[in-house]
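FYI, side chains are in, hydrogens and waters are out, and symmetry mates aren't considered; it's all heavy atoms of this structure.
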4 protein chains.
Amino acid sequence: MASVNKVILIGNLGKDPEVRHLEGGVAVARFPLATSESYKDKSGQRVEKTEWHNIVVWRGLAEVAEKYVRKGQSVFIEGKIRTNQYQDKDGNQRYSTEIVADSLEILSPKGSNEGGNTAEQQSAALHQSSTHQTGKTSAPAGVAQNDEPDDLPF
Amino acid sequence: MASVNKVILIGNLGKDPEVRHLEGGVAVARFPLATSESYKDKSGQRVEKTEWHNIVVWRGLAEVAEKYVRKGQSVFIEGKIRTNQYQDKDGNQRYSTEIVADSLEILSPKGSNEGGNTAEQQSAALHQSSTHQTGKTSAPAGVAQNDEPDDLPF
Amino acid sequence: MASVNKVILIGNLGKDPEVRHLEGGVAVARFPLATSESYKDKSGQRVEKTEWHNIVVWRGLAEVAEKYVRKGQSVFIEGKIRTNQYQDKDGNQRYSTEIVADSLEILSPKGSNEGGNTAEQQSAALHQSSTHQTGKTSAPAGVAQNDEPDDLPF
Amino acid sequence: MASVNKVILIGNLGKDPEVRHLEGGVAVARFPLATSESYKDKSGQRVEKTEWHNIVVWRGLAEVAEKYVRKGQSVFIEGKIRTNQYQDKDGNQRYSTEIVADSLEILSPKGSNEGGNTAEQQSAALHQSSTHQTGKTSAPAGVAQNDEPDDLPF
DNA sequence: TTTT
DNA sequence: TTTT
């Protein structure tokens, strides 16, 4: 069915990425990303409103996030919206929405890694192959296929 | 600050829009929108995964949604992600994510209004003026300014 | 360097795709796509303005376009802008801008193939792997690598 | 008709904006914007390919570009593709494609104005009201309506 | 003509 | 919890 689920964000990391390396070698990184807009309220006061997004990146992109992306930095992200369902401790159905990124570009080198990275690193343009995300028909033999398993905790 | 929060969706309405007319004459419409992707799982089976998005539209766009958009129809939506915080009955902090649409285009005439609408209606291209959403500096006198109040239930 | 070149179009094909199969088996399809907007001019008259885009699709996506996409149909396209330079017969530098699509979704079944395609075909969601478009590092041995050669006529 | 014509670019200005103030007080700014992608060619060499886009901004956004945007800077742009037709001196039909921006955000302060602008200026987030671009139904009396006239040179 |  |  004709369907599109696309998100484009430019914002700043609220924390360093948290990276987990799953069995099979697959990496997952997560970090909060702030976007903000400012507008005038009814009384004419300028107000800043910040939106927080839970970003998730997988595999190679997660490894890059782990190495080059830090709290405070500005990044461009392209991805899709994903809402996970879970039961809370009282058995209530809960929802948690995140952005699964398949492209990430570092826009500015700020935050806690000023000492280190090179211009080359800062400008890394990274795109998750959609082949890996969906069909995987062209994935070479020997490559772990259990990316983004449905039974992962989130 | 350099910030972008943009969502583009093509999907189908899960229900007819629910419209409320607020004091001041402002209309709000809400409806669930499904996007789906199909991929092969580890065993090579084709799997269809559906994502549900809570769409919110305001003012003129809400009135158009009320008139011309129905369950089952396919629409194109452009908007932004917004996560609302609230307390549940046990006092726990909860989050609810929705898509605030500022553009909506009807892609296909399906669902419950087969009898009625014309091609003109079906192809309505609707864009929320960003002037109204933010600065409102150019809004003519007499127009209600209490759009999208922060104290609304959601 | 932080760089993004992204185009999103929804429009109708002005002609059937023209497909060429290059040496090496690579397919290229081209077709014109119309987007239109309507607005009121200074005298209050409603005016419709149509924009024509030259769409190019490569490889598997070209083959799909050849099979399932026809004049008159409405499609969603995601891609990038590419401007080619060439000399005209008088030796003047000329520019030709096209949209290289890496994703294509059929939104409506119109045009010359009413008799044939199934719902499955009409709703084909097709995404060009960015791996193939750029690095090709994961391309399996034996696959032609000369996709999108720079010396192609356009 | 259901139609979308959307462009999203992040790139660097090749030159300072050229601004013209039309009769009626409407401003137009133009500048070239480079986006680049790097990929490996058939021989495994890393190649950088730069795409140049002709950006056009109108009215308030043009004035902002005039004040705050300079050669070398990185900007985010959202807009639409527009191809203008004209006759060259030999009477041949020619086409010129440009991006009409309705949103512009400065991502990095580089280039020729290092001495001057403030952080506030550098982070200007600017969005063209779509009301002004199309219907103008809500434009206050006394405002020049001849924005983006069709008879402009380009 | 930019940037890395 | 970021940034301006």
Side-chain angles (χ1 to χ4, degrees), chain A residues 9-18 30-39 46-55 65 68-77 99 105-114 117-126, chain B residues 1-5 83 85 93 95, chain C residues 1-5 83 85 93 95, chain D residues 9-18 30-39 46-55 68-77 105-114 117-126:
Chain A
L9 302 173
I10 293 178
N12 299 277
L13 278 83
K15 295 183 185 173
D16 285 357
E18 281 183 18
R30 292 171 183 279
F31 54 85
L33 189 79
T35 58
S36 49
E37 57 178 330
S38 94
Y39 60 95
R46 181 146 292 278
V47 181
E48 173 112 352
K49 186 168 192 310
T50 295
E51 196 66 43
W52 286 98
H53 310 272
N54 300 311
I55 310 297
Y68 303 125
V69 179
R70 290 293 173 275
K71 175 180 173 174
Q73 279 183 323
S74 173
V75 298
F76 168 92
I77 275 176
I99 307 304
E105 298 217 22
I106 302 175
L107 297 177
S108 79
K110 290 172 193 161
S112 55
N113 62 346
E114 299 89 351
N117 55 5
T118 66
E120 179 58 33
Q121 291 165 353
Q122 290 162 10
S123 66
L126 305 153
Chain B
M1 196 205 48
S3 205
V4 172
N5 175 358
T83 299
Q85 274 182 58
Q93 196 73 343
Y95 301 90
Chain C
M1 196 207 49
S3 206
V4 171
N5 176 356
T83 298
Q85 272 183 61
Q93 197 74 343
Y95 300 89
Chain D
L9 301 173
I10 293 178
N12 298 278
L13 278 83
K15 296 183 184 172
D16 284 357
E18 280 183 18
R30 294 172 182 275
F31 54 86
L33 189 80
T35 58
S36 49
E37 58 178 330
S38 96
Y39 59 94
R46 182 147 291 278
V47 181
E48 172 112 355
K49 186 166 192 314
T50 294
E51 197 66 41
W52 285 99
H53 311 270
N54 300 311
I55 310 297
Y68 303 124
V69 179
R70 289 294 174 274
K71 174 178 173 175
Q73 279 184 321
S74 173
V75 296
F76 169 91
I77 275 175
E105 298 217 21
I106 302 175
L107 297 177
S108 79
K110 291 171 193 163
S112 54
N113 60 347
E114 298 91 349
N117 55 7
T118 67
E120 180 56 35
Q121 291 166 353
Q122 290 161 13
S123 65
L126 306 153

Whole-Å distance between [N] [atom2] and [X] [atom1]?
{"X": "D:Leu107", "N": "E:dT4", "atom1": "CG", "atom2": "C1'", "result": "15 Å"}
{"X": "D:Glu105", "N": "F:dT3", "atom1": "CD", "atom2": "C1'", "result": "12 Å"}
{"X": "C:Gln85", "N": "E:dT1", "atom1": "CD", "atom2": "P", "result": "13 Å"}
{"X": "D:Arg70", "N": "E:dT2", "atom1": "CZ", "atom2": "P", "result": "16 Å"}
{"X": "A:His53", "N": "F:dT2", "atom1": "NE2", "atom2": "C1'", "result": "11 Å"}
{"X": "D:Leu33", "N": "E:dT1", "atom1": "CG", "atom2": "P", "result": "16 Å"}
{"X": "D:Leu9", "N": "E:dT1", "atom1": "CG", "atom2": "C1'", "result": "16 Å"}
{"X": "A:Asp16", "N": "F:dT1", "atom1": "CG", "atom2": "P", "result": "14 Å"}

Among [options], the one nearest [X] by side-chain distance:
{"X": "D:Thr50", "options": "F:dT1, E:dT2, E:dT3", "value": "E:dT2"}
{"X": "A:Pro32", "options": "F:dT1, E:dT3, E:dT2", "value": "F:dT1"}
{"X": "D:Lys71", "options": "E:dT1, F:dT3, F:dT2", "value": "E:dT1"}
{"X": "A:Asn12", "options": "F:dT3, F:dT1, E:dT2", "value": "F:dT3"}
{"X": "A:Lys15", "options": "F:dT1, E:dT3, F:dT3", "value": "F:dT1"}

Query raised in the report: Looking only at atom types and distance, does a side-chain atom of C:Thr83 sit under 3.5 Å from a main-chain N or O of C:Tyr95, one as donor and one as acceptor?
Result: no
Query - Aromatic stack A:Trp52/F:dT2: centroid gap under 5.5 Å, interplanar angle under 30° - result: no
Query raised in the report: Is there a side-chain contact between D:Val75 and D:Leu107 (heavy atoms, below 4.5 Å)?
Result: no
Requested in this report: Taking the side chain as every heavy atom from C-beta outward, state whether D:Asp16 and D:Phe31 have any atom pair closer than 4.5 Å.
Outcome: no
Report summary line: Rounded to the nearest 0.5 Å, the CD1 atom of A:Ile10 sits from the CD atom of D:Glu105 at a distance of 6.5 Å
Requested in this report: State whether the distance check finds a donor on one side and an acceptor on the other, under 3.5 Å, for side chain A:Ser74 versus base F:dT3.
Outcome: no
Query raised in the report: Salt bridge or not for A:Lys49 and A:Glu51, using N-O below 4.0 Å?
Result: yes
